[in-house]
Amino acid sequence: MMRHLLCLVFASLICAFHHARSEEFVIPDIEFEYLQPRGFRASIPDIPGIKLFAFHARMNKPFEQFEEGDFAEDVSEPEDGRWVFETKKAIRDDQIIYYWVYVQHENRSYWLSNQQHTVEKQPTPKGTKPTTTTTTTTTTTKIPTTTKPPCAPSVTTVNGKASCGGEMIFEDTFQTLDLKKWQREVRIPLDTESAEFVSYQDLPENSYVAGGHLFIVPTLLNMNPDFNEERIRTGELVLSGCKSPTNNEYECRRKAALSMILPPVVSAKLNTKNSFHFRYGRVEIRAKLPKGDWIFPQLLLQPAENYYGYADLASGMLLVAHILSNENLITREGIKIDGHRLRGGAIVSTRAQLRTAFLRANILEQHFSDNFHTYGLIWKPDSISLTVDGFQYATLRDRFKSYGVDSNLTQANLWNPENAMSPFDQEFYLSLGVGVGGVTDFPDYTVTGPMKQPKPWNNTSPKAEYFFYQNRNVWFRTWTDPELKVDYVRVYAL
């Protein structure tokens with residue numbers, strides 16, 4: 001009897017094991033379609049539970065591990081019943097597409113690596129409308145999917161610890177505002193970065209989550225009934241919960257007097273300094289940038305410990321995406337520098353003539369606030385690359401130290417001469433915010449709008465903030481979409 005019972009128990013365990021294995025998610029075969037006149041589409045069916053489909057590929061060169069690839073995109077929504085990656089870049093017959101795929105199903109992660117597909121493009125018959133032909137990958141190198149792929153060596157570190165190559169090391173899709181991941185800055189910015197004309201505060205109207213998006217919204221201080229016109233000119237602003245990085249009381253308290261007024265704009269800035277910082281990796285931020293005169297978004301990487309010092313950005317700062325959000329903004333030389341011009345890259349000084357030395361630009365016919373875009377920064381031990389919507393528009397390979405020494409930057413003497421990326425060889429954290437005005441980002445003598453209104457302040461004037469506020473009836477009318485709207489933030493190990 002006991003023997004029979006043991007057999008039944010053993011049989012039940014075997015059945016349960018096979019049942020569990022049968023329910024294990026497996027990434028479907030990738031279906032390829034060739035587009036006319038050029039390009040291809042790679043997709044999988046929309047199986048219930050899929051939350052993300054990431055496709056990374058390159059031509060005629062296998063992947064060593066989970067690298068970015070020449071074709072890359074994180075797809076967050078299905079289209080007509082399929083999760084689709086699409087590119088209009090040209091491909092040729094007999095090319096080999098090497099690729100890897102990441103899928104998030106329910107709350108688990110799955111990889112499909114070491115894949116390849118040979119292009120077999122069919123000619124379009126004369127006199128017919130261009131069509132697409134469909135084929136399914138016939139790769140012989142497919143390996144089983146798993147919820148935990150082998151840990152490939154990586155140069156990426158997370159909070160001081162080693163990471164696995166290709167691993168997603170940070171993600172927020174903003175279903176809620178997770179204050180364990182993010183902390184709101186509470187302070188009045190000084191001239192350590194841009195001396196923007198705002199106070200960053202912990203107020204729900206300035207930073208909140210709604211509909212799966214993070215909103216960061218600048219507002220006027222005088223919208224608060226406690227701060228009327230007279231108090232902005234003569235009162236005092238004391239920020240409860242303020243934390244100054246340098247223990248400077250002026251970041252937490254301001255007394256208005258004469259031409260010094262209280263910061264006329266209230267905004268928000270969130271960071272991961274207390275929860276997540278990393279060295280080397282790939283950052284992706286899908287966001288809709290703000291629009292309005294004298295506004296700028298802050299999609300940044302900032303140094304976790306200011307290893308090389310704090311003043312004058314001695315430890316550097318990395319811009320994932322930056323625009324001057326005016327609809328039209330023209331320098332006195334006639335150059336357009338408004339929200340149609342995306343910038344990203346590295347900053348190693350607050351000095352105006354040096355601030356833009358390692359920034360690179362990408363021009364778009366539309367204003368970057370008109371639609372969501374995916375902004376990327378790939379930070380490697382020997383380079384920094386910048387992308388928008390999967391298109392790589394710049395790569396920095398400069399030796400920052402030699403440039404700093406030649407430019408008489410005092411902090412450059414501290415940078416590591418053995419590391420080409422120094423000061424960008426330490427861990428950095430994420431920052432998301434909206435700034436307004438300031439004394440570094442907007443060049444003097446620019447004109448804005450169809451009426452070519454002159455910039456109302458001079459960056460070297462001690463009354464800069466006062467003159468900016470005096471002009472509020474002009475610039476505030478342009479704030480039709482002043483908020484930064486973030487869909488997701490993801491960071492991957494290299």
Side-chain angles (χ1 to χ4, degrees), residues 25-36 38-45 50 52-75 82-105 109-122 132-156 163-168 280-284 374 376 378-383 385-387 389-393 395 490 492-494:
F25 176 77
V26 175
I27 298 177
D29 284 337
I30 310 301
E31 184 177 273
F32 285 83
E33 300 174 88
Y34 306 125
L35 307 179
Q36 298 293 341
R38 63 183 184 179
F40 71 90
R41 181 183 294 129
S43 67
I44 61 173
I50 295 180
L52 177 73
F53 169 64
F55 182 82
H56 295 258
R58 60 189 181 196
M59 295 296 184
N60 299 327
K61 184 180 179 182
F63 287 93
E64 294 180 6
Q65 51 181 332
F66 296 99
E67 299 109 86
E68 167 89 3
D70 301 320
F71 306 88
E73 184 180 358
D74 287 352
V75 182
R82 300 190 70 83
W83 293 79
V84 181
F85 165 83
E86 184 176 305
T87 178
K88 297 299 178 63
K89 292 183 180 180
I91 57 175
R92 300 189 305 274
D93 294 358
D94 298 324
Q95 281 187 311
I96 298 176
I97 303 174
Y98 291 94
Y99 67 95
W100 63 270
V101 168
Y102 165 83
V103 173
Q104 183 180 348
H105 180 264
S109 299
Y110 299 82
W111 280 261
L112 192 63
S113 62
N114 299 330
Q115 302 297 290
Q116 66 182 66
H117 170 79
T118 302
V119 176
E120 298 178 354
K121 195 167 185 179
Q122 302 297 319
T132 62
T133 58
T134 303
T135 183
T136 302
T137 175
T138 56
T139 172
T140 59
T141 57
K142 183 173 179 179
I143 64 172
T145 56
T146 174
T147 57
K148 190 174 182 180
C151 184
S154 174
V155 294
T156 300
S163 185
C164 297
E167 180 181 32
M168 183 187 291
Y280 308 134
R282 177 168 62 88
V283 179
E284 285 187 354
T374 301
I378 308 164
W379 175 24
K380 297 181 178 180
D382 62 352
S383 66
S385 298
L386 301 159
T387 67
D389 297 328
F391 169 69
Q392 185 170 307
Y393 65 90
T395 298
R490 296 188 180 109
Y492 300 86
L494 297 177

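What you see below is based on every heavy atom in this structure, not just the backbone, and it leaves out hydrogens, waters and symmetry mates.
- Distance CH2/W100 to CG/N114: 11.5 Å, rounded to 0.5 Å.
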Determine, stepwise, if the pair L35 / E86 fulfils side-chain contact (heavy atoms from CB on, under 4.5 Å).
CA-CA 9 Å; L35 307 179; E86 184 176 305; 3.6 Å; yes
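- The distance from the CD1 atom of I96 to the CD1 atom of I91 is 13.0 Å, given to the nearest 0.5 Å.
- Between the side chain of Q95 and the backbone N or O of D93 there is no donor-acceptor pair closer than 3.5 Å.
- Atom NZ of K380 is separated from atom CZ of R282 by 10.5 Å, given to the nearest 0.5 angstrom.
- V103 is listed as a side-chain neighbour of F25, based on a closest heavy-atom distance under 4.5 Å.
- One finds the NE2 atom of H56 at 9.5 Å from the CZ atom of F85 (value rounded to the nearest 0.5 Å).
- For K89, the side-chain contact (heavy atoms from CB on, under 4.5 Å) test picks out F71, T87, with sequence neighbours left out.
- Heavy-atom minimum distance, H105 versus Y110: CB-CE1, 3.8 Å.
- Below 30°, between 30° and 60°, or above 60°: for H117 and Y34 the angle between ring planes is between 30° and 60°, a tilted geometry.
- Just one residue in the list F32, W111, F63, F40 forms a ring pair (Phe, Tyr, Trp, His ring centres under 6.0 Å) with Y99, and that residue is F32.
- Heavy atoms only, all atoms of each residue included: G165 and S154 are closest at N-CB, 3.5 Å.
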side-chain contact (heavy atoms from CB on, under 4.5 Å), that's the test. Do V119 and I97 meet it? Break it down for me.
CA-CA 7 Å; V119 176; I97 303 174; 3.9 Å; yes
For V101 and I44, what are the C-alpha separation, side-chain angles and deciding distance, and is it a side-chain contact (heavy atoms from CB on, under 4.5 Å)?
CA-CA 10 Å; V101 168; I44 61 173; 5.8 Å; no
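- Scanning all heavy atoms of the two residues, the minimum distance from R82 to S43 falls at NE-OG, 2.8 Å.
- Here the closest heavy-atom approach between residue V155 and residue P381 is recorded as CG2-CG, 3.9 Å.
- Taking all atoms of both residues into account, the shortest heavy-atom contact from L52 to D74 is CD1-CB, 4.0 Å.
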Go through the steps to decide whether E284 and Y492 satisfy the test side-chain contact (heavy atoms from CB on, under 4.5 Å), and finish with yes or no.
CA-CA 8 Å; E284 285 187 354; Y492 300 86; 4.2 Å; yes
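- Residues forming a ring pair (Phe, Tyr, Trp, His ring centres under 6.0 Å) with Y280 (at least two apart in sequence, or on another chain): W379.
- Summarising the geometry of S385 relative to Q392, their closest heavy-atom pair is OG-NE2, 3.6 Å, with the distance given to 0.1 Å.
- Distance alone, capped at 3.5 Å, is enough to place a donor-acceptor pair between the T156 side chain and the L494 backbone.
- Under a 3.5 Å cut-off, the side chain of D389 and the backbone N or O of T374 do form a donor-acceptor pair.
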